Amino acid sequence: MRNLLSFALIGLALVLPAQAQQMAPGFPGDAAVDLGQEKKTLKPRVVPNSGRLEWMPAERDLTSWTTLSHLDQRDARRPQRVTLEEPLAGNPMRGRDIAMAKSRGNCVACHELPGDPWPGTVGNSLLNYQRRGMSDARVYQQIYDARIFNPQTVMPPYGTNNLLNEQELRDLVAYLQNLE
Amino acid sequence: MLNRTMLLTLLACPVWLLFAGQAALANEPYRELDRPRAYTPDVKGDARFSDTYRYWKDRSRLDPAMAGNPDEYWKLNWKFMDPPFNQAIHGGHFAMDHGETRFMSLNRTHSFARCLGAGKQGLKGLRAGYPRYVARLGRVAGLEEMIEHCAAKEGVVMQNGSYDNSAVALYIASHSNGMPIRIQVSKGPMRQAFERGRLLYHTRSGRQNFACASCHVHNTGKHLRGNNITTPFGDASHYPVYRTRYELQSLHLRMIECQLDTGAQPLLPGSRAYTDLEVFLTALSNGYPVAVPTERD
C-alpha cells in the first residue's frame, strides 16, 4: 500500500507540463500547466543529479490571469470603477486578519500596519489611517481597483482581479477606518 | 495587420512613451506597462539607475562593514556572497564537479562543445557571450537552452532548468570566471530580443498585476517584507546559482520563482519571453565579470 502510494506520488511529480488545449481561447502553449491537475499551475522542483526537471502543483491556480508569454492572446483586466452600497457592514477584526495573512490581503508586505515587526515600505504607512478622513467609498475603490486614481499604481486591483470578495473588501475598509 | 515587431518599435519610440503605460493596439491583447524607461546595456548604466554600482563594482574590494550590515546588503547587490569575498564551500561547488563529470561524458567526441559554439579557445569565454543568435536554430538562445539542444544530439536528456543542465552550465561558466559578460544588443535579432525583454520587464501580469519593474525598478532599495530589492544591473553574471532552498537555480527558474511569488502564471524555462528577459538582464551585466560558483539564501 505504501509502495503504491509513493509510486503514485512519483508519477504525479513527473508529469510534464501539458499543452494548453482545453484552456480559455488565447491561453499560451508555453505556460507551466498540467490540465489534469485541479490547480493546473505547476511549480518546478530541481532534483539533484537528474537531467529532468520535476513539476508539481503550485499553491494556487494562476491560469485565469495574463502571463508574459508572447503567445498569450487574452486581454488583461481593465480598470474598473465601482460604487459602494452603504452601509459598509464590515468587520474590522476580520479585516485585520485579511490584511495580515500572506495568502489573502498580504497588505503588510508593502504597508506599515500596527503590530507587524517587518513592515514593507513599498506603499505608504497605514498607521492611524482613520486620521486621513477618507470616505468609505474612496477607500473601497482604492482597494477594489486603485488604477482609477493612479494608472501607475503598484497596488493590486483586489476587486477587479478577484483576489478578495466583496465582504472581505468591506472588512478591510472597516479595519483601516478604525485605525486610530 | 500589426505584428509584434512593429508594435514593439512603436512602443519603443519616446513619443509613445509620453502617453502613460497603456498598450492597446488593434489585434494585440490589452496589456498595461509599468512606466517603461531606457536602459544602457552595460553594468555601468546602474550609475543612472540605483547608483549602487560603485559599492559592488570590484568584488574583491567590498566594504566589510557594509557586508556585515543587513541594511546595506542591497547596496552591495549581495555580491558579498560571490567569490572571492565569500570563500565558503557550498552546494554550488558540488554541482560544478557534477557538471564537469557530465560534460566530460557528453563531450567524448568534442561534438558537444562544438555544438555549443566552442572554438579554438575551448570553453573559455563561452558563458560571457550567451545568450546569442544561433543561426542553425534561427533564434536567440541562452546557454541552458543550447545545453539541452546539444545534449539531445548526443542522445542525452538534459532539460532546461534541470540539475544536470544547470550543473553543466555552471562548469562551462567557470571557464569564464573573471571575464566580463559581453553580448551585443545593438543590431539584428539580439537587439530585437533586448527590446522585447525591456518591455516585458515593464509589462504587468498575474493576479496582482505586477511587472518585474514594479519591484525591481520602481522600488529598488525598498523593503518588501523581509527582502530589500536590489538593482537588476549585474545580476546575470552569477547564474546558475546555488540556493539553499532550490538546489541549483538557472536564471529562468529565478524568474519563475518571482512570478509564482507574485501570483503570476509561470512559463516554461526556455520560453521565448524568458529568453528575451534573459537577453535584457544579461545586457545589464555587460562589462561585469562572471563569478561562479556562488550562493544566495
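What you see is a predicted model, and the numbers here were worked out from it, not measured in a lab.
Side chain of A:N161 to main chain of B:R207: a donor-acceptor pair is present (N/O by atom type, distance under 3.5 Å, no hydrogens or angles). With hydrogens and angles ignored, the 3.5 Å screen pairs no side-chain donor or acceptor of A:D30 with any backbone N or O of B:L267.
Scanning both residues, A:R74 and B:P29, for their nearest heavy atoms gives O-CB, 3.2 Å. When all heavy atoms of A:V154 and B:F210 are compared, the closest pair comes out as O-CE2, 2.8 Å. B:L33 approaches A:Q152 most closely through the heavy-atom pair O-OE1, 4.1 Å. Scanning all heavy atoms of the two residues, the minimum distance from B:A273 to A:S69 falls at CB-CA, 4.2 Å.
Proximity to chain B is limited to the side chain of A:P44, based on heavy atoms less than 4.5 angstrom apart. At a 4.5 Å heavy-atom cutoff, the contact between A:R77 and chain B is made by backbone atoms alone. For B:L200, the parts lying under 4.5 angstrom from a heavy atom of chain A are both the backbone and the side chain. For a residue to count as touching a neighbouring chain, one of its non-hydrogen atoms must lie under 4.5 Å from one of that chain's; by this rule B:R204 touches chain A with backbone and side chain alike. B:N160 touches chain A through its backbone: at least one of N, CA, C or O sits under 4.5 Å from a heavy atom, while the side chain does not. Of the two parts of B:A264, only the backbone, made up of N, CA, C and O, holds a non-hydrogen atom closer than 4.5 Å to a non-hydrogen atom of chain A.
Applying the side chain to side chain contact (heavy atoms under 4.5 Å, CB included) test between B:Y163 and each of A:N49, A:L53, A:V47 identifies A:N49 as the sole match. Under the side chain to side chain contact (heavy atoms under 4.5 Å, CB included) rule, B:P266 has a single partner from A:T41, A:L42, A:T67, which is A:T41. Each of B:R31, B:Q259, B:M255 was scored for a side chain to side chain contact (heavy atoms under 4.5 Å, CB included) with A:L68, with one residue passing: B:Q259.
Taking CG of B:N209 as the start and CE of A:M155 as the end, the distance is 12.0 Å to the nearest 0.5 Å. Interatomic distance, B:Q159 CD to A:W55 CH2, rounded to the nearest 0.5 Å: 9.5 Å. Taken from CZ in A:R147 to CD in B:E32, the straight-line distance is 4.5 Å, to the nearest 0.5 Å. The CG atom of B:D261 sits 9.5 Å away from the CD atom of A:E59 when rounded to the nearest 0.5 Å.
Heavy-atom neighbours of A:R96 CZ from other residues, nucleotides or ligands within 6.0 Å: at or below the threshold of 12. The neighbour count for A:E86 CD, taken as heavy atoms of other residues, nucleotides or ligands under 6.0 Å away, is above 12. Atom CE of A:M93 is surrounded by 12 or fewer heavy atoms from other residues, nucleotides or ligands within 6.0 Å. For CD of A:E85, the number of neighbouring non-hydrogen atoms (other residues, nucleotides, ligands) closer than 6.0 Å is 12 at most.
When each of B:G206, B:A211, B:S271 is checked for heavy-atom pairs under 4.5 Å with chain A, B:G206 comes out on top. Heavy-atom pairs under 4.5 Å with chain B peak, among A:L163, A:T160, A:D61, at A:L163. Listed options B:E257, B:E247, B:M158 were ranked by heavy-atom pairs under 4.5 angstrom with chain A; first place goes to B:E247.
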Next item on the list: Please test B:L260 against A:L62 for side-chain contact (heavy atoms from CB on, under 4.5 Å), starting from the C-alpha separation and ending with a verdict.
Entry: CA-CA 9 Å; B:L260 283 169; A:L62 298 168; 3.9 Å; yes
